[in-house]
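Before any comments, here is the structure.
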Amino acid sequence: MPENIQLTLDGVSTSVAAGATGFELFQDKKVVAQRVNGELRDLAHKVADNDVVEAVAIDSADGLGILRHSTAHVLAQAVQKINPDARLGIGPPITDGFYYDFDVAEPFTPELMKTLEKEMDRIIRSGQRFVRRVVSDSEAAKELALEPNKLELISLKSSEHLAEGAAEVGSGELSIYDNVDPQSGEVVWKDLCRGPHLPNTRMIGNGFSLTRLAAAYWRGNEANKQLQRIYGTAWPSKEELKAHLERLEEAAKRDHRRLGAELDLFSFPEEIGSGLAVFHPKGGVIRRVMEDYSRAQHEAAGYDFVYSPHITKSNLFETSGHLAWYSEGMFPPMRLDEEVDADGVVRKAGQDYYLKPMNCPFHILIYKAQARSYRDLPLRMFEFGSVYRYEKSGVVHGLTRVRGMTQDDAHLFVTQEDMEAELTSVLNFVLNLLRDYGLTDFYLELSTRDPENEKFVGDDAIWEAATSTLAKVATDSGLELVPDPGGAAFYGPKISVQARDAIGRTWQMSTIQLDFNLPERFDIEYAASDGTKKRPVMIHRALFGSIERFFAVLTEHYAGHFPPWLAPVQVVGIPVADDFAPYLSGVIDQLKASGVRATIDLSDERMQKKIRNHTKDKVPFQLIAGGDDKDAGSVSFRYRDGSQVNGVKIDEAIKLILDAITNKEQV
RNA sequence: GCCGACCUGGCGCAAUUGGUAGCGCACCGCACUUGUAAUGCGGGGGUUAGGGGUUCAAGUCCCCUGGUCGGCCCCA
């Protein structure tokens, strides 16, 4: 046996003693694991000749995952210490943290969280070692006889269907991690786990916190029992934990539900019902400006404006297939015109009317209103269409998940030959419009069909053509393209535009979706140049998704600091004293005459208080004028961030404001 | 829909072991007239989400309904 082996260690060829582990290879305390030939391993793992080994630091993406995974184990140990009857579910790391699921008789209480944190802290301080041990299926089954969920995972190990639980059993050999007390050498706890883990619990330190309690279905299936889930977060240091909590606070400040109330933009009166919003005057201004601009752009891009009612007889949604496929997402029908005699016998059958969950069938009927020729195509129908969806009570969420919403919905009818050109122009149209609203950081997702799955309708040739066209269009855009294989709807492939907001969160915005199903179901066609009848391709396209949702995204993106062109109040005048009100009113009147949403604050508050009020209202331009400005024929600007530009000549000030509005600048 | 928490004047919050509701902001009035984030004084406003129950007594305890929040499932 050779005394030394050759390694590639962090890219450098090195010779080390045979049987060396990561503990010998890495002196840096930040290294908590190693990547050996591409696989994450514990530091205790022995490297072999010719291995390629890299350090995994605790503050790397992999290192943070390991830290959080180990913290989840400590949580589970703490839970079982306090409640030995708690049975384990799964406990993986997630973005910024981890969770662990438990099967317990009584749900956890918020008070218990503090107790658990204390117990976790005790475990962490005791410096238990995480020791990996490979076991056979039968050994594991024997050792974990008291953990039925783990046994289920073991039995599923070889199955194709194991989505969740991969962190526990992985795909290869099974392993159990023993938590070993360093004083006594005793195994104090153990868990089925693929690993890797930190060398010991002490490395978790004090940068962890339990964050929330929730229920979760076992293996993510609604038909299964519900487990109690505890979420937590873990960071290499207390400071990083604090920074993380501050980021959450920043996100909470941007929450559109909070800003909607603070800025008096919209509300959800309980009297109306869950998920049904009303827009107040200030929110109404923003929404109207958003819509008006969208209309103007659509008009310039060759869209026709159409309108359709909110309700329809059931046969329309029978033809479209919505009632067969999505009826549980629709409001129940209204039965009209039914006549029943005294004995309850129906004398005259009624009609079921439904609130519409989608606009497309209506637009198809408009298409069908006349015989179409290839000369009519592409036909682009656009509507701000109000739709109603019966969202489950637990999922409604501010303006992002509602039961009544308005889609900026368009349906494009094109020949197959024109499909590529149309898709290219519609993608560019969508991206440019989103940029005008201030979102600039995008990536695309291409959802394609799973050839194995038979749910997809339409023949192979058109799927192939459409998918390659979408892929080409997406690639040509130069944006990052994320494939989503199997993610297509049954009726066609789609591109969705994902936008990153000011604090890096991504939102699914626009979708461009091909549909091979509805043209078939409604039997729409056009006369081709050779006189034959052909089926047009149909493209669904929503840009905002829904106006309500887009409104929410913009509110959070701007943190309520809407750029002047969208701001409900663009300019407020603040005279230093009443004597200067007439002078400043003259300026405000000029702005109003130019179409600017400007007011003057003539209340008898002190000017400092007025500045405070309008800063809190996030008015982009505060114009202040006193004796100095009056004498000089100028005004002074104060902006939302507290900065000021004093003594700006009136003409210049007006031009500056108008330019900012026209150019959609942020100030 | 499921699990848990919660719902007090427009908004944010208080109310000892159950003993018939307070504060700040906002609002209204009066005074003050001030150069870049809160002038002072006074006033009005709540059958504690709605309904039912326990109790001598319920904002506090129990049940039902509605709504909100955090998750799960879902999101055409």
Side-chain angles (χ1 to χ4, degrees), chain A residues 99 101 104 106-111 164 211-231 252 255 257-258 261-262 264 267-276 317 320-322 324-330 357-360 387 389-398 400-403 407 489-492 494 508 511 513 515 517-518 540 542 545-546 549 574-581 603-617 622-630 635-647:
Chain A
Y99 65 81
D101 290 344
V104 283
E106 295 295 321
F108 298 119
T109 60
E111 298 73 57
E164 292 202 28
T211 49
R212 53 175 62 108
L213 298 170
Y217 297 107
W218 168 238
R219 296 181 52 223
N221 188 332
E222 201 178 7
N224 291 344
K225 67 188 164 187
Q226 276 197 330
L227 304 179
Q228 295 299 313
R229 176 171 293 181
I230 300 178
Y231 282 93
D255 191 312
R257 294 168 298 182
R258 172 171 167 168
E262 282 176 8
D264 194 19
S267 62
F268 291 90
E270 194 181 323
E271 293 85 337
I272 300 175
S274 182
L276 298 166
F317 289 126
S320 69
H322 286 98
W325 281 78
Y326 307 115
S327 58
E328 82 289 352
M330 295 167 65
M358 294 184 85
N359 302 303
C360 19
V387 298
R389 299 177 181 183
Y390 188 71
E391 299 286 1
K392 290 190 290 184
S393 61
V395 306
V396 294
H397 181 93
T400 60
R401 197 77 182 271
V402 291
R403 286 180 168 171
Q407 293 184 308
F490 72 92
Y491 51 80
K494 73 173 175 195
Q508 180 180 321
T511 57
Q513 168 110 43
D515 189 339
N517 181 47
L518 287 178
H540 303 252
S546 81
R549 215 178 84 89
I574 301 174
V576 168
D578 281 353
D579 288 348
F580 311 110
S603 68
D604 53 8
E605 297 290 352
R606 295 170 67 223
M607 70 167 288
Q608 287 86 342
K609 182 60 179 293
K610 294 181 184 181
I611 288 168
R612 176 180 157 85
N613 285 157
H614 298 115
T615 304
K616 285 177 75 175
D617 276 350
Q622 295 182 50
L623 289 190
I624 297 169
D628 298 346
D629 279 310
K630 188 180 176 190
V635 291
S636 294
F637 283 80
R638 174 166 174 124
Y639 293 94
R640 292 178 284 207
D641 66 356
S643 63
Q644 41 180 295
V645 182
N646 296 331

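Just so it is clear: chains get the letters A, B, ... in the order the sequence lines come, proteins before strands, and each one is counted from 1. What you see is a predicted model, and the numbers here were worked out from it, not measured in a lab.
Across Ile574(A), Asp617(A), Asn613(A), Val635(A), a single residue satisfies side-chain contact (heavy atoms from CB on, under 4.5 Å) together with Gln622(A), and that is Ile574(A).
Across all strands shown, Pro357(A) has heavy atoms under 4.0 Å from base atoms, whether or not it also approaches the sugar-phosphate.
Pairing partner, C6(B): G67(B), with both Watson-Crick or wobble hydrogen-bond distances short of 3.5 Å. G29(B) is paired with C41(B) under the Watson-Crick or G-U wobble criterion, all donor-acceptor distances under 3.5 Å. Pairing partner, G1(B): C72(B), with both Watson-Crick or wobble hydrogen-bond distances short of 3.5 Å. Base pairing annotation: G24(B) forms a Watson-Crick or G-U wobble pair with C11(B), both donor-acceptor distances under 3.5 Å.
The phosphate of G71(B) has OP1 or OP2 within less than 4.0 Å of a side-chain N or O from Arg212(A). In this structure, Ser636(A) does not reach the G35(B) phosphate: none of its side-chain N or O atoms is under 4.0 Å from OP1 or OP2. Between Arg612(A) and A26(B) there is no side-chain polar atom (N or O) within less than 4.0 angstrom of OP1 or OP2. A sub-4.0 Å separation between OP1 or OP2 of A26(B) and a side-chain N or O of Lys609(A) is present. Under 4.0 angstrom from either OP1 or OP2 of C75(B) there lies no side-chain N or O belonging to Arg401(A). Put simply, Tyr390(A) has no side-chain N or O that comes within less than 4.0 Å of OP1 or OP2 on A76(B). Taking side-chain N and O atoms only, His397(A) has a distance below 4.0 Å to OP1 or OP2 of G70(B). The side chain of Arg638(A) places an N or O atom within less than 4.0 Å of a non-bridging phosphate oxygen (OP1 or OP2) of A37(B). At C69(B), one or more side-chain N or O atoms of Arg257(A) fall inside 4.0 Å of OP1 or OP2 (strictly under the cut-off).
There is no side-chain donor-acceptor pair under 3.5 Å between Gln644(A) and Ser636(A).
Scanning atom types as modelled, no donor and acceptor separated by under 3.5 angstrom connect the side chain of Ser393(A) and the base of G67(B). For C2(B), the base has a donor-acceptor partner in the side chain of Gln226(A) [N/O atoms by modelled type, under 3.5 angstrom]. Evaluation of atom-type donor-acceptor distances gives a pair under 3.5 Å for the side chain of Lys392(A) against the base of C73(B).
Between Lys494(A) and Val396(A), the one whose closest nucleotide on RNA chain B sits nearer the 5' end is Val396(A).
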